[in-house]
Amino acid sequence: MLVHIVADHQNKISDLRPLLSSQHVITSALLYGNGRLPKDCDAIVAAADLRNAENIAALKTVSTAFKSARRKIFVVDQKARLDAAQAYALGATHVLFNPVYQESLLAALGGSGKPQEPAGDADQVAREAASEGAACLDSMFRSVSTGQQVDVAGAKRAAAKIADAVGESGFSHWMETVRRHHEGTYQHCLLVTGTAAAFGLSLGLAKADMERLYTAAMFHDVGKAKIPSTVLDKPGRLDDQERALIETHPAAGYDALKGTGGISPEILDAVRHHHEYLDGSGYPDRLGAAAIADLVRVLTISDIFAALIEDRRYKPPMSRAQAFDILTDMRGKLEMPLVTAFKKVALNR
Ligand SMILES: [Fe+2]
Ligand SMILES: [Fe+2]
């Protein structure tokens with residue numbers, strides 16, 4: 001089947017294309033792009049913000065141009081059910097809510113006509129926790145970059161929700177949810193918080209330690225708010241100057257948070273020292289093993305693992321097994337009994 005994808009952003013096309021390309025021939029165009037449209041197609045898949053009047057007008061044109069397409073599948077935001085009504089008004093034969101699953105999309109194209117299965121409760125919990133976590137990180141990063149105080153209570157609440165979601169729907173599910181819907185530094189912080197929560201749960205940490213751990217994870221990279229995104233998100237290798245700039249983020253995070261009510265010394269310590277290694281080769285203070293707290297050791301392992309399994313546009317995610325192998329190769333730098341204990345989290349699906 002020839003399927004034409006049209007969207008208001010390139011990233012939506014990039015998300016949808018791999019879901020379809022194994023079974024259909026795909027063409028795609030941006031809603032306002034100058035790319036050549038196919039003469040004909042069997043189906044269109046449209047993904048655009050339907051609260052935007054210009055998008056609606058442009059989609060009307062597309063819908064008319066592909067009058068003969070038997071299926072017109074609109075992918076809309078779950079949070080805005082009014083969008084669904086708008087999609088049907090534009091000629092949609094099927095409306096799918098984000099996050100759209102390959103199964104639902106293929107079923108809609110295959111003509112089963114079955115409505116998308118409502119997401120399970122656990123799925124809903126994970127998606128809500130991830131959205132709230134991302135919103136909280138966004139506000140936290142904005143506050144730090146503009147020199148304002150961060151909302152500590154909000155961050156603690158969001159981190160607790162993430163820990164609940166991981167406890168309820170499992171670490172694998174959390175990881176997939178975050179990688180599917182979030183990008184860059186926020187994706188990383190959400191993954192680290194979920195990894196730390198899963199690790200803490202599997203270690204059987206007491207409630208107060210769990211709270212300290214997942215809150216520290218939420219805050220750990222906030223100093224990156226001071227680093228230009230051109231350096232933070234640079235694909236490929238960093239030069240020496242860029243690396244030195246990146247390495248300022250633990251101290252920058254510490255400086256931004258110190259003196260803020262509600263942030264304990266243990267959390268400040270974790271923010272400043274999550275890149276320290278037991279052999280003294282880390283940064284910023286080149287601490288040795290004796291000066292690195294247990295909480296920090298757990299966070300560092302979670303941080304490295306999460307960074308390795310991230311899904312960035314310029315690099316495919318590493319498998320969990322490969323990422324775990326890298327941790328085991330860091331003998332001398334990480335606490336090996338903790339790495340061994342982490343195996344359950346890293347490899348258990
Ligand atoms: Fe970091
Ligand atoms: Fe990190």
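Whatever order the structure lists them in is the order used to number ligands and atoms, beginning at 1.
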query: Any side-chain heavy atom of Leu338 sitting closer than 4.5 Å to one from Leu203?
result: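 Touching, per the 4.5 Å side-chain cut-off.
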query: Going hydrophobic residue to hydrophobic residue with side-chain gaps under 4.5 angstrom, can you get from Tyr277 over to Ile292?
result: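 Not linked; separate clusters.
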query: At the Fe ion (ligand 2), what is the angle formed between atom NE2 of His188 and atom OD2 of Asp221, rounded to the nearest 10°?
result: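 Vertex at the Fe ion (ligand 2): approximately 90°.
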query: Of the backbone and side-chain N, O or S atoms of His274, does one lie nearer to the Fe ion (ligand 2) than 2.8 Å?
result: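 No, outside the cut-off.
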message: Please give the atom name: the N, O or S atom of His275 nearest to the Fe ion (ligand 1).
response: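 Looking at His275, the N, O or S atom with the least distance to the Fe ion (ligand 1) is NE2.
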query: Just wondering, is there an N, O or S atom on His220 that's nearer than 2.8 Å to the Fe ion (ligand 1)?
result: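 False for His220.
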query: Does any donor atom in the side chain of His274 or Thr300 lie under 3.5 Å from an acceptor atom in the other side chain?
result: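 No, no side-chain donor-acceptor contact under 3.5 Å.
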- request: Give a yes-or-no answer on whether the side chains of His24 and Asp42 include a donor-acceptor pair shorter than 3.5 Å.
  value: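 On atom types as modelled, these side chains do not qualify, holding no pair under 3.5 Å.
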For the Fe ion (ligand 2), the closest N/O/S atom belonging to Asp303: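 Considering only N, O and S atoms, Asp303 comes nearest to the Fe ion (ligand 2) through OD1.
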query: Are the aromatic rings of His249 and His275 close, with centres under 6.0 Å apart?
result: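 Centroid separation for His249 and His275: below 6.0 Å.
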